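Since the structure is predicted, the reported quantities are computational estimates derived from the model, not experimental observations. Counting from 1, the numbers follow the sequence of the chain as shown.
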Amino acid sequence: MGNSEEVFVKKAFKTNWIAPLGPNVSGFENDIQNYIGNDINVAALSSGTGAIHLGLGILGVGKGDEVLCQSFTFSASANPITYLGATPVFIDSELTTWNMSPKLLEEAIVDRIKKYKKPKAIIAVHLYGMPYDVGGINEIAGKYDIPVIEDSAEALGSTYKNQKCGSFGDIAVLSFNGNKIITTSGGGALLSKKSDYVDQAIHLSTQARDDAPHYQHTKIGYNYRMSNVLAGIGRGQMQVLQNRVDARRRNYGYYLENLSSSGEIEFLEEPKGFYSNRWLTCILTPSFEIKERIRLALLRENIESRPLWKPMHMQPIFKDNLNFSDGTSEDLFNRGLCLPSGSNLTKNDLVRVVSNIKNILR
Ligand SMILES: *Cc1c(COP(=O)(O)O)cnc(C)c1O
């Protein structure tokens, strides 16, 4: 936490605004809008997962539809597709960003139109804070007129061609879960340039009550709105966002400087025009065996590291789903490791991690 979260939370208590609405909720939405861009509308919600669920519904995804989803991601990107009775079809990554490959995306679209029907939406993810190839993905999406949900859960503070992540999709999603770059303990947001989409999200997230004195519903609603208490934490966190991005980029810089000289550890560098918040610093080791040796050596020193996200097309739950893959994310999963990346790591912590890794490589 920074210095002012408690001030906003205390104000919620003092004014008795303990509800899924109130001045902190609209204040937090304004803060996000001011940060991402003034043409963006924002609905603060109870989770990023809920935001994806609502976003898919608003785009009309339903039973029998297919949604093209980045395979290399956390399961929360894909799960909401199934909540709606639709089917995820998984798209592999490209090496330059580790995110959705525009080439495989187009292959998948052509294939599905030919063999089934046009996919209803695309979910592209800025994984680990690295923006996806926004230009490439938007070009294909535009060519076939398929809307994009931009999963920016890990990428608040990242930019593509100087524009903030969270401003690119037909609908974008943020997360404020406890592990993200800033947090409200749990929370999320749905963003869109179309105010109608955001109005729908707010309506659906508060049980879809019609405008009537009694309780009347013409749509199925959800309980997905953000609490005014947690939004107070969010208001304080927005004040320290850049500070957190700077801290995470410093972590990355330290690891890069001290591990790349070995020639055995690779890093995901920023392509020109890409700026990553470096939510997590990830490395690629020469092999699965060396990655495991490093991970277990760190563990013995009580240092947590973790393999990269296991691709969705390799998950037991999605083993029967179609996928368009070329082995890229499978290789990243096998050889990749997320290093300790918290905003509060000390120089000593970083020195310890690096010296333990160097011992293994030696
Ligand atoms: C965290 C995360 C989500 C889900 O956000 P929650 O707020 O935890 O529900 C979705 N997509 C990605 C890529 C994430 O990392």
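With Y144 as the aromatic partner, K118 does not meet the cation-pi criteria of under 6.0 angstrom to the ring centre and within 45 degrees of the ring axis. For the pair K310 and F72, the cation does not sit on the ring face, since its NZ or CZ is not both under 6.0 Å from the ring centre and inside 45° of the axis. Judged by a 6.0 Å distance limit and a 45° cone about the ring axis, R335 is not positioned over the six-membered ring of F288.
When the shell of 6.0 Å around CD1 of I317 is examined, it contains 12 or fewer heavy atoms from other residues, nucleotides or ligands. For CG of D196, the number of neighbouring non-hydrogen atoms (other residues, nucleotides, ligands) closer than 6.0 Å is greater than 12. The number of heavy atoms from other shown groups lying within 6.0 Å of CZ (R209) is above 12. The number of heavy-atom neighbours closer than 6.0 Å to NZ of K161, taken from other residues, nucleotides and ligands shown, is 12 or below. The number of heavy atoms from other shown groups lying within 6.0 Å of CD (Q242) is above 12. When the shell of 6.0 Å around CD of E304 is examined, it contains 12 or fewer heavy atoms from other residues, nucleotides or ligands. Counting heavy atoms of neighbouring residues, nucleotides and ligands inside a 6.0 Å radius, atom CG of D39 exceeds 12 of them. Within 6.0 Å of atom CD in E292, more than 12 heavy atoms from other residues, nucleotides or ligands are found, so the atom counts as buried in its surroundings.
Taken from CD in E154 to NE2 in H126, the straight-line distance is 10.5 Å, to the nearest 0.5 Å. From F13, atom CZ reaches atom CG of N228 across 10.5 Å, with rounding to the nearest 0.5 Å. To the nearest 0.5 Å, the span separating CD1 on I181 from CG on N177 amounts to 14.0 Å. Put simply, NE2 on H53 and CG on L204 are 9.5 Å apart, with the number rounded to the nearest 0.5 Å. Distance check, rounded to the nearest 0.5 Å: CG of N359 to CG of L298 gives 10.5 Å. Summarising the geometry, atom NE2 belonging to H217 is positioned 9.0 Å from atom NE2 belonging to H203; distances are rounded to the nearest 0.5 Å.
Legend: side chain to side chain donor-acceptor pair (under 3.5 Å) pairs involving residues 74-83, not counting sequence neighbours, sorted by first then second residue: T73-S77, S77-D151. Each salt bridge (charged side-chain N to carboxylate O under 4.0 Å, His left out) pair with one or both residues in residues 223-233, not counting sequence neighbours, appears once here: E29-R225.
Side-chain heavy atoms closer than 4.5 Å link hydrophobic residues (I, L, V, M, F, W, Y) into clusters, and following such links, even through other members, never connects L345 to V240. By the criterion of side-chain heavy atoms lying less than 4.5 angstrom apart, applied directly or through intervening Ile, Leu, Val, Met, Phe, Trp or Tyr residues, Y222 is grouped together with V173 in one hydrophobic cluster. Under the 4.5 Å side-chain contact rule for hydrophobic residues, Y128 and F274 share a cluster. Hydrophobic clustering places M130 together with I122 (ILVMFWY residues linked when any side-chain heavy atoms are closer than 4.5 Å, directly or through intermediates). Cluster membership check: F333 does not share its hydrophobic cluster with L339, using side-chain heavy-atom separations under 4.5 Å among Ile, Leu, Val, Met, Phe, Trp and Tyr.
When atom types are taken as modelled, the side chain of D133 and the backbone of T97 share no donor-acceptor pair closer than 3.5 angstrom. In this structure, N251 contributes its side chain and S341 its backbone to a donor-acceptor pair below 3.5 Å. Not one N or O on the side chain of N41 forms a donor-acceptor pair closer than 3.5 Å with the backbone of L191. Formation of a donor-acceptor pair under 3.5 Å by the D145 side chain with backbone atoms of G142 is not found in this model. N99 contributes a side-chain N or O that, together with a main-chain N or O of L127, makes up a donor-acceptor pair within less than 3.5 Å. Of the possible donor and acceptor atoms, none in the side chain of Q216 sits under 3.5 Å from a partner among the backbone N and O of D210. Judged by distance alone, the side chain of D326 and the main-chain N or O of T328 form a donor-acceptor pair under 3.5 Å. Of the possible polar contacts, none joining the D92 side chain to the S71 backbone as a donor-acceptor pair under 3.5 Å is found. In this structure, K193 contributes its side chain and S167 its backbone to a donor-acceptor pair below 3.5 Å. Judged purely by atom type and a 3.5 angstrom limit, N334 has no side-chain atom pairing as donor or acceptor with the backbone of D331.
Counting only heavy atoms from C-beta outward, the side chains of V67 and I123 approach each other to under 4.5 Å.
For an aromatic pair to be called close, the ring centres must be under 6.0 Å apart, and F267 with Y252 satisfies this. In this structure, Y160 has its ring center closer than 6.0 angstrom to the ring center of F168.
Scanning all heavy atoms of the two residues, the minimum distance from I171 to G55 falls at CD1-O, 3.7 Å. Residues S192 and V198 come closest through the heavy atom pair N-CG2, 3.8 Å. Taking every heavy atom of both residues into account, G166 and A172 meet most closely at O-CB, 3.3 Å. Pairing each heavy atom of D65 with each of G60, the nearest pair is OD2-O, 3.6 Å. Residues A12 and N24 come closest through the heavy atom pair CB-ND2, 3.8 Å. In this structure, G129 and W279 approach most closely via the heavy-atom pair N-CB, 4.5 Å.
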Problem set entry | salt bridge (Lys or Arg N to Asp or Glu O under 4.0 Å) evaluation trace for R235 with E5 | CA-CA 7 Å; R235 297 206 69 183; E5 288 83 349; over 6 Å; no

Exercise. Can E289 and K291 be said to form a salt bridge (Lys or Arg N to Asp or Glu O under 4.0 Å), step by step?
Worked result: CA-CA 5 Å; E289 289 71 27; K291 179 206 71 185; over 6 Å; no

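A salt bridge links R249 to E270: one of the charged nitrogens lies within less than 4.0 Å of a carboxylate oxygen.
With 3.5 Å as the limit, one finds no donor-acceptor pair spanning the side chains of E66 and T87. Checking S343 against R248 by side-chain atom types alone, a donor-acceptor pair falls below 3.5 Å. A donor-acceptor contact closer than 3.5 angstrom is absent between the side chains of N348 and T346.
Partner of F176 under the side-chain contact (heavy atoms from CB on, under 4.5 Å) criterion, out of L45, I233, L230, L156: L156 alone.
For Q33, the side chain to side chain contact (heavy atoms under 4.5 Å, CB included) partners two or more places apart in sequence, or in a different chain, are N30, N38, V42.
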